Amino acid sequence: MRRLTLLLLFTVYLAALLCQNAPSINLPLPQFINPFYDSFSKNYLGATALGRGHTGAAYLGDVSGVNLNPASLLPDSTSISLELDIKPPVEASGYPSYANYSTRVPFGMAALSGKLSDNMNAAIIYSVPKSIYLDDFSIIINQGNGIVQRFPSYYQFQFTANAAYHKAPWHLGLNLHNQLHYIDDPIFLHTFERIRDYRYALRVQPGVIYSGNKLSIGISAMPPQKFGWDLKFAEYDVLQPLWLNGGISINKDENRYLFDAEFEQFSKISDNFEDRLMLKAGYEKDMGRIVYRLGYLYSPEVYSGGILLPLNPDASTSSSFWWGDVSRTLTIAPNEQHFITGGLSYFHKYGAVNLALMQVVAGEATQFQFELSLSFYISSLRRKGLLDFDD
């Protein structure tokens, strides 16, 4: 028994020692594009989808679920939608000094959607799927006689053209995502230069839904996509990996139960990254003018541990002297997350008001997100004469 106890203690000690000495990794992508920052940077767009656990792979409805499945667009009439997305700042751990993650763009989505024919719907959508701003990265240089401040940020702006064809029980859809990846003030050591740059990328997303009386099934995908990015001090082959989303929707009277699984193959970016399989569950109760929603979302960890910040490869011996005591290593904290979500919609003759919120209830990467969406029917504006420009 004593030998067994000593063996167990030695095993625990060895495991702890290995964890402490685990090597830090070089960043395969520009810093905040790396998927472990999604625990804050990812915006769960679509207020109605967010309220029910961000589910909707098999849901037919408004423009809120288009990013989950392009075949889902089945609006009642032509409408304009505006969405406000608020994420309070959270403490950013692992930095040399106190810092916060925040977002300076409290905007989620703007869309125009409607019918082209009896079987065809379309939408034009502008959205911000990702946003993160570090306030701030401060490091002491020259043995404490100087300080360098950076305010690195990353935003993904997206302009989407959607088309959906419906012939029951089948529904087909396609998204063309025109993305603008924008980086400002990325961290590079051994240089005082500041960088601001952007890159364009196109992602194609097909989707299909089979809808029955009680049960609907849907699936959508985005194939991998690559683009190069030269940030002067480092060149990156940016890979946006395979993305898959599938789910079911069960209807029972005024109740709806939804279950989704969302997969991203991050192991193709780096052997150190884990693939991410997000599991979601949602509930929706239709009470006529008011719809109530609840949901749960699980987002597993992609990577935690040390990362090495990139250096200026052309730094001279004299310029590097200022940075002699600055560590290249940052620590990425565990980032598994369990969310609880809730929301409601109120429908009136001019459109709809949608509210949703999500909160991390388990996991070390905290996050809270609130969304307010307003939809206006074009037909109601015409009845009021707001779109009548004749003298």
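As the structure is a prediction and not an experimental result, all values here were calculated from the model.
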Does Ile124 share a hydrophobic cluster with Ile80, counting links as ILVMFWY side-chain heavy atoms below 4.5 Å and allowing steps through other members? no

In terms of the angle between their ring planes, are Tyr95 and Phe137 parallel, tilted or perpendicular, with boundaries placed at 30° and 60°? perpendicular

What distance do Ser249 atom OG and Leu215 atom CG have between them, rounded to the nearest 0.5 Å? 8.0 Å

Where the side chain of Arg289 meets the backbone of Phe347, is there a donor-acceptor pair that is under 3.5 Å apart? yes

In terms of heavy-atom contacts, does CZ of Phe233 have more than 12 from other residues, nucleotides or ligands at under 6.0 Å? yes

For Glu254 and Asp286, indicate whether the former's side chain and the latter's backbone hold a donor-acceptor pair under 3.5 Å. no

Heavy-atom nearest pair, Ala49 first then Ser64, reads N-OG, 3.2 Å

Salt-bridged, Lys130 to Asp38, with N to O below 4.0 Å? yes

Can you establish whether the number of heavy atoms outside Asn119 located under 6.0 Å from its atom CG is more than 12? yes

What one should report as the nearest heavy-atom pair of Leu73 and Ala164 is O-CB, 3.8 Å

Counting only heavy atoms not in Glu336 (residues, nucleotides, ligands), do more than 12 fall under 6.0 Å from its CD? yes

Salt bridge flag under 4.0 Å for residues Arg52 and Asp260: no

Please examine the side chains of Ser81 and Met109, heavy atoms only from C-beta on, and report whether any two atoms are closer than 4.5 Å. no

Are any of the side-chain heavy atoms of Trp170 and Tyr210 separated by less than 4.5 Å? yes

Under a 3.5 Å distance rule, please check whether Asn162 uses its side chain to pair with a backbone N or O of Pro70 as donor and acceptor. yes

Would Lys252 pass as a cation-pi partner of Tyr257, given that its NZ or CZ must be under 6.0 Å from the six-membered ring centre and within 45 degrees of the axis? no

Any donor-acceptor N or O pair under 3.5 Å, side chains Asp85, Gln369: yes

For Val360 and Gln337 the tightest heavy-atom approach is CG2-NE2, 3.8 Å

State plainly whether one hydrophobic cluster holds both Tyr37 and Tyr155, where clusters connect Ile, Leu, Val, Met, Phe, Trp and Tyr through side-chain heavy atoms under 4.5 angstrom apart. no

Is the backbone N or O of Ala365 less than 3.5 Å from a side-chain atom of Ser39, with the two atoms forming a donor-acceptor pair by type? no

Minimum heavy-atom separation for Tyr182 and Trp229, please, with both atom names. N-CH2, 4.4 Å

With a 4.5 Å cut-off on side-chain heavy atoms, are Glu262 and Leu277 touching? no

Check for me, please, whether Ile195 and Ile187 land in the same ILVMFWY cluster - side-chain distances under 4.5 Å, paths through other members count. yes

Can you check whether Phe36 and Phe266 have ring centres sitting under 6.0 Å from each other? no

Side chain to side chain contact (heavy atoms under 4.5 Å, CB included) between Tyr59 and Thr48, intermediate numbers included: CA-CA 11 Å; Tyr59 186 89; Thr48 59; 5.7 Å; no

Does Arg194 have more than 12 heavy atoms from other residues, nucleotides or ligands lying within 6.0 Å of its CZ? yes

More than 12 non-hydrogen atoms from neighbouring residues, nucleotides or ligands closer than 6.0 Å to CG on Asn213, yes or no? no

State, with a plain yes or no, whether a side-chain heavy atom of Pro35 is found less than 4.5 Å away from one of Phe273. yes

Under 3.5 Å, is there a donor-acceptor pair linking the side chains of Asn251 and Lys214? no

For Asp275 and Glu264, run side chain to side chain contact (heavy atoms under 4.5 Å, CB included): C-alpha distance rounded to whole Å, both residues' side-chain angles, the deciding distance at 0.1 Å, then the answer. CA-CA 6 Å; Asp275 295 332; Glu264 290 181 270; over 6 Å; no

Does the gap between the ring centers of Phe263 and Trp243 come in under 6.0 Å? no

Kindly say whether Pro30 contributes a backbone atom to a donor-acceptor pair with the side chain of Asn34 at under 3.5 angstrom? yes

Could you tell me whether the side chains of Ser220 and Asn245 share a donor-acceptor contact shorter than 3.5 Å? no

Hey, do the aromatic rings of Phe227 and His181 have their centres closer than 6.0 Å? yes

When you compare the side chain of Tyr44 with that of Thr341, does any pair of heavy atoms fall below 4.5 Å? no

Pairing of Glu371 and Arg293 as salt bridge, 4.0 angstrom limit: no

When you look at Asp62 and Ser113, which way does the side chain to side chain donor-acceptor pair (under 3.5 Å) test go after all the steps? CA-CA 8 Å; Asp62 64 12; Ser113 61; over 6 Å; no

Where do Asn121 and Lys115 land on the side chain to side chain donor-acceptor pair (under 3.5 Å) test, with the steps shown first? CA-CA 4 Å; Asn121 297 307; Lys115 295 185 177 182; 5.7 Å; no

For the student: nearest non-hydrogen atoms of Asn67 and Gln205, plus distance: O-NE2, 3.1 Å

If I take atom OG1 from residue Thr55 and atom CG from residue Leu50, how far apart are they, to the nearest 0.5 angstrom? 10.0 Å

Just by modelled atom types, is the Tyr350 backbone N or O under 3.5 Å from a matching donor or acceptor in the His348 side chain? yes

Of the options Val66, Asn175, Leu112, Leu45, which is the one that meets Ile125 in a side-chain contact (heavy atoms from CB on, under 4.5 Å)? Val66

Take Leu309 and Gln31 through the side chain to side chain contact (heavy atoms under 4.5 Å, CB included) test and state the conclusion after the steps. CA-CA 8 Å; Leu309 294 175; Gln31 186 177 356; 4.2 Å; yes

Are any non-hydrogen side-chain atoms of Phe370 and Leu355 less than 4.5 angstrom apart? yes

Is the backbone of Phe151 close enough, under 3.5 Å, to the side chain of Asp135 for a donor and an acceptor to pair up by distance? no

For Lys232, is the NZ atom crowded, meaning more than 12 foreign heavy atoms sit under 6.0 Å from it? no

Quick one: NZ on Lys226 to CG on Asp237, what's the gap to the nearest 0.5 Å? 7.0 Å

Answer whether the closest heavy-atom distance between the side chains of Ser299 and Lys42 falls below 4.5 Å. no

Heavy-atom distance under 4.5 Å between the side chains of Phe339 and Gln367, does that happen here? yes

Mark yes or no for whether Lys280, through its side chain, and His54, through its backbone, hold a donor-acceptor pair below 3.5 Å. yes

Is a side-chain N or O of Asn69 found less than 3.5 angstrom from the main chain of Ala71, in a donor-acceptor match? yes

Using every non-hydrogen atom in the two residues, find where Ala111 and Val63 come nearest and quote the distance to one decimal. CB-CG2, 3.9 Å

Should Leu29 and Tyr101 be counted in the same cluster of Ile, Leu, Val, Met, Phe, Trp and Tyr side chains packed under 4.5 Å apart? yes

Counting N and O atoms only, with roles assigned by atom type, does the side chain of Ser327 sit under 3.5 Å from a partner on the main chain of Thr329, one being a donor and the other an acceptor? yes

How far does NE2 of His166 sit from CE of Met120, to the nearest 0.5 angstrom? 8.5 Å

Examine Ile183 and Leu27 and state if one hydrophobic cluster contains both, with Ile, Leu, Val, Met, Phe, Trp and Tyr joined whenever side-chain heavy atoms are less than 4.5 Å apart. yes

Where do His171 and Leu60 land on the side chain to side chain contact (heavy atoms under 4.5 Å, CB included) test, with the steps shown first? CA-CA 9 Å; His171 310 268; Leu60 296 171; 3.5 Å; yes

Does OH belonging to Tyr198 count more than 12 external heavy atoms closer than 6.0 Å? no

